[in-house]
Every structure is written in structure tokens, then in C-alpha cells.
Amino acid sequence: MNRRWQLAHGRHLDLGERSVVMGILNVTPDSFSDGGQFDALELAVEQASRMVHEGAAIIDVGGESTRPGAAPVTALEEQQRVLPVIEQLAKRGEALISVDTYRAETARLALEYGAHIVNDVHGLQREPEIADEVSRASAGVIIMHTGRGREKLQDVIADQRIFLEKSLEIARKAGVDDEQIVLDPGFGFNKETAEENLDLMARFEELSDLGFPLIVGTSRKRFVGTVTGKDAADRAAGTAATSVILRLKGADLFRVHDVAINVDALAVADAMLARNNTRQEPR
């Protein structure tokens, strides 16, 4: 299904016909696989340009590690990390910009500095005021499912539904339009075993019933390492395999560290989907 994703600053992104790749840009000292690599402004901008050249349509800028056990940072620390990068990327205009934050104030400032999308790993439920900032800016928003800090239902899809429905209620009360929303099932976020993540992959198409475009973030995750036996930095091929599987099951966007290999793998998946659609057209 082709849909238009409404973004801040009068931008939009058409989803459905082709996969969209979002490049991960962690400007942190302690992210699980690339901490400290891009925490200087010049290095961050260079990495963003590299990912755009490799085919990323969106750069997702994060200033606080979300790995389990990561040291928390203050809002000011987060803003000092992400805002200069967002400002420079906005000036260059090479790609759409997403800010990876659950804080309303960071989201507000990031949108003012030129971000188009807010990516909230707490699904608007940590600081619900973030939905007001998304609404005011007519920004795109990624609402992610997480199992952290709460009791989960045993059924992986039932737990997705109950959490995301609460998040969607917050968004709608704030005046966020459905066209602004993309959902993320949150692979790896308190989905501790490979089996739980693989079950979510196997049943992924059931999430299409929620009626929103879907983004996935399996990149270098621990369950990919469990399956492949590879360390985090060597999980690009395994990640690309999950991207293809999830594309064929209905995912629209892919948040990855290793852009080039995923762009190529998804081009094959897109060609297969297009071929299947052609064969199914009535003659």
C-alpha cells in the first residue's frame, strides 16, 4: 500500500513502492556497536554524508545510548550532542533528519534546528508532551514499542497492540494526524531472547492490521548475533537478511548502521515484490 508520510518543514516521504533506508548516527560515547566513533561534529557530518551517498534517505541522530545498562544523560547533555549535528545536516540539505529522543524539549529544539522526524523509543509514553511538539511542527513521528519498565503479555503481537494503542491514543489527543505516524515494533527492546525476536519477525505481517507504515530496527542487534555467531560490528550481512525478510512481510523503512549492504539487499526484495505484483495483475 502506498502512503504519504507527512514531515516537518513542509516535507513528505512517499512510502510503499520502494524500501526507505534510515542511517543511524549515534553521537554518543557509549552506544553498543559504534559508541565514540562519531561524537565529534566533523566526524558525525562526514558519516552522515557517507550514508547518504550509500543510499540513506533519512539520517537518525541520537544523543543518548539506548542499550541496556547505558548511563543516563541529562537533557542538556543530549541537546549539546545532537543540536549542532542537526543544524549542520539541515544546512547541507542532503537528507531528511530524524532525532532519536523521548524528551519533549529536545524534540522541540531539534525540530526548530531543522529535524523533520521525531523517533521516540518510548512510544510517547515517557514524556507524553512530546506528542504536542510533533503536532505543533506537523512533524513525522516514529512510535516505538518497548517492553522495558512494564509487564509484557506473553503473546508478542498482543503485547504490540496493547502498547501501541495506548501510544496512538496519546498522539491523537495531541492532534497528531495519522499521516504523520509510523510504527516500530522495537526489536531488541526487552525482547531478550532470539526466539522472541524471531517470533516477532515470523508474525510481522499481523502488524499491518494497525493501519500504519512500519519501520524496523534490527541492525546489529543481539539476536542477530545469536543466530550468526558474530560480534556486533560483524552483523551487517545478518542484518540485511532480516531486512529482506521483513520487507517481504510488509516493512516500509529500515533503520540500519550499515547502509550500503541493506540498500542492495532491499533493492532485490523490492524487485521481487514488484514482480509478484505484476504477475498478480488481471489480464
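As the structure is a computational prediction, the values presented were derived from the model and not from experiment.
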* To do: Start with the C-alpha gap between Leu153 and Arg161, add the side-chain angles, then the distance that decides, and say whether side-chain contact (heavy atoms from CB on, under 4.5 Å) holds.
  => CA-CA 10 Å; Leu153 299 179; Arg161 292 183 186 282; over 6 Å; no
* List the steps and the verdict of side-chain contact (heavy atoms from CB on, under 4.5 Å) for Leu198 and Val227. => CA-CA 10 Å; Leu198 292 170; Val227 172; 4.3 Å; yes
Any pair with a residue in [range] that passes salt bridge (charged side-chain N to carboxylate O under 4.0 Å, His left out), sequence neighbours left out, goes on the list, sorted by first then second residue, please.
{"range": "residues 253-270", "result": "Asp60-Arg255, Asp100-Arg255, Arg220-Asp258, Arg247-Asp270"}
{"range": "residues 106-119", "result": "Glu105-Arg108, Arg108-Glu112"}
{"range": "residues 7-28", "result": "Arg4-Asp14"}

* Asked: Ile261: which other cluster members, linking ILVMFWY side chains closer than 4.5 Å, directly or transitively?
  ->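 Ile261 shares its hydrophobic cluster with no other residue.
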* **Connected hydrophobic set around Val244, excluding itself, where side chains approach under 4.5 Å** => Leu248, Leu273
Can you tell me how far the [atom1] atom of [X] sits from the [atom2] atom of [Y], to the nearest 0.5 Å?
{"X": "Gln80", "Y": "Leu76", "atom1": "CD", "atom2": "CG", "value": "4.0 Å"}
{"X": "Leu164", "Y": "Thr146", "atom1": "CG", "atom2": "OG1", "value": "10.5 Å"}
{"X": "Leu168", "Y": "Ile143", "atom1": "CG", "atom2": "CD1", "value": "5.0 Å"}
{"X": "Ile58", "Y": "Ile215", "atom1": "CD1", "atom2": "CD1", "value": "6.0 Å"}
{"X": "Leu13", "Y": "Leu253", "atom1": "CG", "atom2": "CG", "value": "6.5 Å"}
{"X": "Thr242", "Y": "Arg235", "atom1": "OG1", "atom2": "CZ", "value": "12.0 Å"}

* Evaluate salt bridge (Lys or Arg N to Asp or Glu O under 4.0 Å) for Glu54 paired with Arg50, printing each intermediate quantity in order. => CA-CA 6 Å; Glu54 291 175 349; Arg50 187 177 301 114; 5.7 Å; no
* More than 12 foreign heavy atoms under 6.0 Å from CG of Asp209: is that the case here? ->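 Atom CG in Asp209 is crowded, with more than 12 foreign heavy atoms closer than 6.0 Å.
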* To do: Return yes when atom CZ of Phe212 has more than 12 non-hydrogen atoms of other residues, nucleotides or ligands closer than 6.0 Å, and no otherwise.
  =>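 Yes, CZ of Phe212 has more than 12 neighbouring heavy atoms, counting only those of other groups under 6.0 Å.
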* Structure fact -> Smallest heavy-atom separation, Ala107 atom then Ile130 atom, equals CB-CG1, 3.7 Å
* Can you name the closest pair of heavy atoms from Ala56 and Val259 and give their distance? ->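 Minimum heavy-atom separation between Ala56 and Val259: N-CG1, 3.7 Å.
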* To do: Quick one: do Thr101 and Glu64 satisfy side-chain contact (heavy atoms from CB on, under 4.5 Å)? Show the steps, please.
  => CA-CA 8 Å; Thr101 187; Glu64 180 174 5; over 6 Å; no
side-chain contact (heavy atoms from CB on, under 4.5 Å) partners for [X], two or more places apart:
{"X": "Glu205", "result": "Lys249"}
{"X": "Ala267", "result": "none"}
{"X": "Ala251", "result": "Phe204, Val216, Leu246, Phe254"}
{"X": "Lys166", "result": "Gln125"}

* Asked: If only atom types and distance count, is the side chain of Ser243 paired as donor or acceptor with the main-chain N or O of Thr239 below 3.5 Å?
  -> yes
* **Flag, side chain of Asp252 to backbone of Leu214, donor-acceptor distance under 3.5 Å** => yes
* Asked: Can you list the steps and then say if Thr218 with Phe223 is a side-chain contact (heavy atoms from CB on, under 4.5 Å)?
  -> CA-CA 9 Å; Thr218 59; Phe223 83 93; 4.0 Å; yes
SB check [X] [Y] (cutoff 4.0 Å):
{"X": "Glu196", "Y": "Lys152", "answer": "yes"}
{"X": "Glu133", "Y": "Arg136", "answer": "yes"}
{"X": "Glu77", "Y": "Arg81", "answer": "no"}
{"X": "Arg203", "Y": "Asp155", "answer": "yes"}

* Asked: Is the closest side-chain donor-acceptor distance between Asn119 and Ser98 under 3.5 Å?
  -> no
* side chain to side chain donor-acceptor pair (under 3.5 Å) involving His145 - partner list, sequence neighbours excluded ->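 For His145 the side chain to side chain donor-acceptor pair (under 3.5 Å) partners, ignoring immediate neighbours, are Arg150, Asp159, Gln160, Lys191.
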Could you pull out every donor-acceptor pair under 3.5 Å between side chains of residues 179-189 and any protein atom, sequence neighbours left out?
| from | atom 1 | to | atom 2 | distance (Å) |
| --- | --- | --- | --- | --- |
| Gln180 | OE1 | Asp177 | N | 2.9 |
| Gln180 | NE2 | Val134 | O | 3.4 |
| Gln180 | NE2 | Ala139 | O | 2.7 |
| Asp184 | OD1 | Gly186 | N | 2.8 |

With a cut-off of 3.5 Å and sequence neighbours excluded, list every side-chain donor-acceptor pair involving residues 87-97.
| from | atom 1 | to | atom 2 | distance (Å) |
| --- | --- | --- | --- | --- |
| Arg92 | NH2 | Ser49 | OG | 2.9 |
| Glu94 | OE1 | Ser49 | OG | 2.8 |

